There are 2 protein chains.
Amino acid sequence: MERNTRQRQAVLDAIDRAGRALTPSEILALAQASVASLNLSTIYRHLHALQDDARITKVMLPGQAARFEAACAGDHHEVAHHHHHFHCSACDRVYALHACPGSMQELAPEGFVVRAHEITLRGLCAECAA
Amino acid sequence: MERNTRQRQAVLDAIDRAGRALTPSEILALAQASVASLNLSTIYRHLHALQDDARITKVMLPGQAARFEAACAGDHHEVAHHHHHFHCSACDRVYALHACPGSMQELAPEGFVVRAHEITLRGLCAECAA
DNA sequence: ATACTTGCAAAACATTTGCAGTGAG
DNA sequence: CTCACTGCAAATGTTTTGCAAGTAT
């Protein structure tokens, strides 16, 4: 997974241009505009490879299939920026939130060691609320 | 799904006695102690029915299969208590957290309507940290 | 030319559903 | 005695993998 193929470029372009997290099916639909024969297996293989290369990030939300977003989406750091997500109940789209209220250590009982936290907001995006 | 069968009781007992959220497979293993022939299909059917009866709650965590916990676990309200969860990376168990930092409205951009939020903490539970 | 990539089909999981037989009330 | 419930097998949706053919370098 290191050659620069049309398929790899199509997957990366779809994600880079989206500006939000996409499901593998959405990526398939978008990338097939460039490479009509594109297959879901190939999509998944490139999604893994692009994660290893830190070009994209996997976004897992409760009860949702995995989505993928451009690494460093919306910021200009070298390392992936810690952030959370908003899931619109109406259009089912997922948007990155560039804020974080802090470590949440205090929510855990005595003796529990908190190493990470994830916050998901749900509701209506600006478009659907209008 | 309204008769009081051995299967239904076995599923409910397993969840009520666990004190933490269980996966359907864990429930199967526990409930088969009472009803050896018990089947995963039956488990799932009762899980839906018990949710409708508000006896149990479905717990969805990012990247995890669904788990189920007793409704009102750990508190004494009539309505399901709003709470979050801790997922131990070592033993893969899920514990309820009886605290919540608030609505998180402020994390969303202008125009977004926040209707709900979910927080998942990950790390080591007291047992695994020791 | 060589070895990485691709597409397809089939396998893995979690969950749901059709159906015919079983059992609670 | 009925109709809901159960168990099994098959279907669904998402993700992974084996393999033979295709292609970038």
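Any value given below was found using the heavy atoms of this structure, including those in side chains, with hydrogens, waters and symmetry copies removed. Just so it is clear, the structure is predicted and the values come from calculations on it, not from any experiment. Chain naming here is simple, since letters A, B, ... match the order of the sequence lines and numbering starts at 1 in each.
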Distance test, side-chain N/O of [X] to OP1/OP2 of [N], below 4.0 Å:
X: B:Tyr44; N: C:dT15; value: yes
X: A:His48; N: D:dT15; value: no
X: B:Gln7; N: D:dG7; value: yes
X: B:Thr5; N: D:dT6; value: yes
X: A:Asn39; N: C:dT6; value: no

What is the minimum heavy-atom distance between B:Ile43 and B:Pro24, and which atoms define it? CG2-O, 4.2 Å

Minimal non-hydrogen separation, A:Ala71 against A:Thr57, with atom names: CA-OG1, 3.8 Å

Can you check the [X] [atom1] to [N] [atom2] distance for me, whole Å?
X: A:Ile43; N: C:dT6; atom1: CD1; atom2: C1'; answer: 12 Å
X: A:His46; N: D:dT15; atom1: NE2; atom2: P; answer: 17 Å
X: A:Arg6; N: D:dG22; atom1: CZ; atom2: P; answer: 14 Å
X: B:Ile27; N: C:dA14; atom1: CD1; atom2: P; answer: 13 Å
X: A:Leu40; N: D:dT12; atom1: CG; atom2: C1'; answer: 15 Å
X: B:Gln9; N: C:dG23; atom1: CD; atom2: P; answer: 18 Å
X: A:Leu47; N: D:dT17; atom1: CG; atom2: C1'; answer: 16 Å
X: B:Arg3; N: D:dA4; atom1: CZ; atom2: C1'; answer: 4 Å

Start with the C-alpha gap between A:Glu69 and A:His83, add the side-chain angles, then the distance that decides, and say whether side chain to side chain donor-acceptor pair (under 3.5 Å) holds. CA-CA 12 Å; A:Glu69 65 185 5; A:His83 63 278; 2.7 Å; yes

Quick check: on DNA chain D, is the nucleotide nearest B:Ser37 upstream (toward 5') of the one nearest A:Arg45, or the reverse? Name the residue that is more 5'. B:Ser37

B:His117 and B:His84 aromatic ring geometry - parallel, tilted or perpendicular at 30°/60° bounds: tilted

May I ask you to verify whether the side chain of A:Ser41 and the base of C:dA9 hold a donor-acceptor pair under 3.5 Å? yes

On DNA chain C, check which nucleotide each of B:Phe68 and A:Ala36 is closest to and give me the residue with the more 5' one. A:Ala36

Can a side-chain donor-acceptor contact be found between B:His85 and B:Gln64 if the only test is distance below 3.5 angstrom? no

